Number of protein chains: 2
Amino acid sequence: MRFETSTIKDIAKALGLSTSTVSRALRDRYEISDETKKVVLAYAEKVNYRANPIARSLKERRSYSIGIIVSEIANNFFSQVINGIESIAYARDYHVIIAQSHESHKQEKLNVEHLASRSIDGLLIALSSETQDIDYLRDLYGKGLPIVFFDRVPDNFETHKVIANNFKGSFDATEHLILSGKKVIAHLTSSETLSNTKERLEGYKAALAKYHIEFNPEIVKYCQHGGMHNIELEQAVKELLPLKPDGIFISSDRLTTGCIMALKKTNPEVAHKIAIAGFTNSNLVELFSPSLTSVKQPAFEIGQVATELLISMIEAKRPVTEFETRVLDTELVKMQKMLGNRFL
Amino acid sequence: MRFETSTIKDIAKALGLSTSTVSRALRDRYEISDETKKVVLAYAEKVNYRANPIARSLKERRSYSIGIIVSEIANNFFSQVINGIESIAYARDYHVIIAQSHESHKQEKLNVEHLASRSIDGLLIALSSETQDIDYLRDLYGKGLPIVFFDRVPDNFETHKVIANNFKGSFDATEHLILSGKKVIAHLTSSETLSNTKERLEGYKAALAKYHIEFNPEIVKYCQHGGMHNIELEQAVKELLPLKPDGIFISSDRLTTGCIMALKKTNPEVAHKIAIAGFTNSNLVELFSPSLTSVKQPAFEIGQVATELLISMIEAKRPVTEFETRVLDTELVKMQKMLGNRFL
DNA sequence: AAAAACTGTGCAATCGTTCCCAAAAACGTA
DNA sequence: TACGTTTTTGGGAACGATTGCACAGTTTTT
C-alpha cells in the first residue's frame, strides 16, 4: 500500500528539462529564467507537487523537526506549553514530535534517545522529577544536538533555559496566605532535586521571613514522583495534618489537584478549613471545591520563547556560546469569593 | 552544527567489508555467515551505530510514523487516547506526530495535508466539530493513505472506526437523571453533524421514551464549535434556563466543564439546583462543584484499538477491504454523596 | 574582432540504506 | 579432476532532492 506522488524527476521528464533546473525553479533560484520558472511552477501546481521532505532531510542532514519531552501531556501546564511551541514551530515550518516521560527517568532517557535517532534537529525538554543524571543529554549536546530546557532545568548545563519566575510566584502565593490570616503554612512540593522545587522553596521562605514567621522544615513535604502516585500524596497529607497547618502552599500543577483530592478523600472534615494556594494552570479551578488560590504560569509564552531560542540555535551558522535564561512572570489568581462556594 | 554518527559505510570500511554485507548482517538476514554477523554486530555495538531512519524511510518509502489529529490535547479524553496510541505505536516501533485542529475545519485540513506531505504512514483522526466536508480525506485515502477514525467518525467513509458506545452511555446517564427524580431533562450537545452527537441524542431519547417522558426538541441545545468559545455556552445556558430544567445531560468533555462554568458564572443561584450528567474524562471531577455524574469513555483503549487497526492496515500486504467499527463500553460514575459537597 | 563576462541549463555526485544481480568461495559428487 | 550446488560476499543502482561545476550561447568590454 503505497503513496504515489509526483517527483521532481516526473516534472523534468514531462517538461523536457533536467532535474536540476526543475529543482532550482521550484526553489526560486536566481539562475533560472523567468520563463522556465513559470512553466515549471505552473506544471508543479497542476500535478500538485509536494517536495518529499524525507529526501530533502537526507540531503540536507536535518529533519525540520523538534522533539519535545514533558512528563505528561494530560497536564494543563504542559499542554499549554505545547500549544506555544507549536505556534512558533509551525510558523517556521518545523514539526514537533511529543514524547512523555511520565516522570520516569528511564522513560525520559529512552524517549530522548529514540527522538535523537529519529534525527530531530533540536530538543525541548522539561526534566522528569526523577531525573538527576543528565549525562546522556550532555552527550547528545556534545555531539551537536541543540537543547533548550524549560520549566524544570538543570543548573549545571550551559544552554538556553526558559522558566517562570518561580521565586516571585511562590512569594506572592505564600504572602497571600499570610495576609489572609494563616499562621501555619505548610509547603508541599516535588522532588528536591528539581530546579523549580528549589526556587519555589526559596520564595516560600522569603515570604515567611518578610512577615517574621519562622521557617519550619518539618512542615515541608517532598513528593519524589511529583504526585504521579496517589499514595505519595496521601502519605504526605497524612504526615502534614498532625502539624495542624491552616494553609498549604503547593508547588506544582499535579500536586495541587492531587493534594486537594487526597485531602477530600482522607480527611474531608478538615479539607475546607485549610486554605490552599498552589501552582496550577488548570482552566477548571473555578469549579474546584474547596476553592484555591492559584499561581498560573505563562505556559504558552514559555513554549514560544523556548522554541524561538531553540530554532535560533538550530539555524545558527556557528556554535552558540552565549546563553540566556529567560524568566517569565507568573500570575496570582486569588480564590473566588464565597459566591462560587455556595453550591453544595 | 551537525550531528555526527557512524554509518554503514564507515563500518564497512573499518571491517573491510562491503556495505551490502554490513547491512545484511545488521538486519540479521539469513545469507550471512554467523561469523561475519558476529564481527559486524560487535563493531556496530562498539561505535554505537544507529541506522539513519531518514535514509531508511527514503529507501523503503515509508516513515514509520503515524499522524494523529485531535481537536485539542488539553482535553482529558484526547490526552488519554493519545496515551493509548503511544503505548501501541512505540511498542511496534512507530512514532507519532500529534496535531490539533482546535475544532476548526480549516486547521484540520491544513494539518492533515502537512502531515501527509511529511510522509506519515497512516492517520488517526477525530474530526473537528466543524468538519462536514471530508473529500480531502477521501482523496488521500484514495492515494493510499490508511486512515482510522475514532470518537468522531463520518458515516459515509469505508474504513476502520473506533468509538465508545455512545448510545448506551447516553442512555445510562439520562436514565440516572430520571431515576433520581428529575422531570425536565435538557440536553446540551455539540455540532449536529458529528456522528457521536447523533448517537448520544438517540440514547437520550431512548431513555426518555423508556420512562414515557415526551421528547422536547426545544430543550436540546447544539454548540457548533463544541464549546470552544465561552460565549457559545453562555448563550446556550441562557436559552435553556427559562425552560426550567432540573437536569441536564451533556454530551462532551469540553461542554460539560464549560457548561458548569457558565452556569456558575451567569446563574450561580440556580446552578446547584440542577443535576448534571455529562460525558467527561476529567480526572478532577471529584473536585467539582456542583458535582456531577460523569460518563467516562474508555479513552486509553480507544487509542490502543485504533492504533492496532491502523498498523494492520499499514502493514497489510494487499489493500484491506473488510472494515470494522469497534464499539467500546463507557462507564457511568455517579455523583458522589454529599460528603464531597460539604466543603464550601 | 578577439577576449571577457554573464545567462541559463545539464551532468553527476551526494546524503545513508536496501536489495537485485552477479561473482567468488566452499563444498559435494561423479 | 571437473563440474554442479550451495553459501557467502561485493558492485552498483535505486529512493528524491540539492548543488558544485562545466558548458553552451549570448552579451559586453577592450
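Predicted model, so just to flag it, every value in this text is computed and none were measured. Note on naming: letters A, B, ... go to the chains in the order of the sequence lines (proteins, then strands), and numbering restarts at 1 for each one.
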* Asked: Heavy atom of residues 31-43 of chain A under 4.0 Å from DNA chain D: which residues?
  -> none
* Apply the test ring pair (Phe, Tyr, Trp, His ring centres under 6.0 Å) to residues B:F149 and B:H160: give CA-CA distance (whole Å), side-chain angles for both, the deciding distance (0.1 Å), then the verdict. => CA-CA 7 Å; B:F149 292 94; B:H160 293 313; over 10 Å; no
* Using atom OH of A:Y30 as one end and atom P of C:dT7 as the other, report the distance to the nearest whole Å. => 9 Å
* Structure fact -> In whole angstroms, the gap separating C1' of D:dA17 from CG of A:D10 amounts to 13 Å
* Side-chain (B:N111) to main-chain (B:Q100) donor-acceptor, under 3.5 angstrom -> yes
* **Atom-to-atom span, CD1 of A:I11 to P of D:dA17 - whole angstrom** => 8 Å
* To do: Answer yes if the side chains of B:S104 and B:S101 hold a donor-acceptor pair under 3.5 Å, and no otherwise.
  => no
Contacts under 3.5 angstrom, residues 151-158 of chain A side chains, donor-acceptor by atom type, not counting sequence neighbours:
{"from": "A:D151", "atom 1": "OD1", "to": "A:N196", "atom 2": "ND2", "distance (Å)": "3.3"}
{"from": "A:R152", "atom 1": "NH1", "to": "A:E103", "atom 2": "OE1", "distance (Å)": "3.0"}
{"from": "A:R152", "atom 1": "NH1", "to": "A:L127", "atom 2": "O", "distance (Å)": "2.7"}
{"from": "A:R152", "atom 1": "NH2", "to": "A:E103", "atom 2": "OE2", "distance (Å)": "3.0"}

* To do: Indicate for each nucleotide in nucleotides 15-21 of chain C, in 5' to 3' sequence, whether protein heavy atoms under 4.0 Å reach the base (B), only the sugar-phosphate (S), or nothing (-).
  => BBBBBB-
* **Lys/Arg N to Asp/Glu carboxylate O, B:K37 vs B:E35, below 4.0 Å** => no
* **A:L310 side chain near A:E308 side chain, heavy-atom distance below 4.5 Å** => no
* To do: Report the relative orientation of the aromatic rings in A:Y94 and A:Y64; use parallel for angles under 30°, tilted for 30 to 60°, perpendicular for over 60°.
  => tilted
* C:dG10 C1' sits how many Å from A:L17 CG, rounded? -> 10 Å
* Structure fact -> Smallest heavy-atom separation, B:Q80 atom then B:A299 atom, equals CB-CB, 3.5 Å
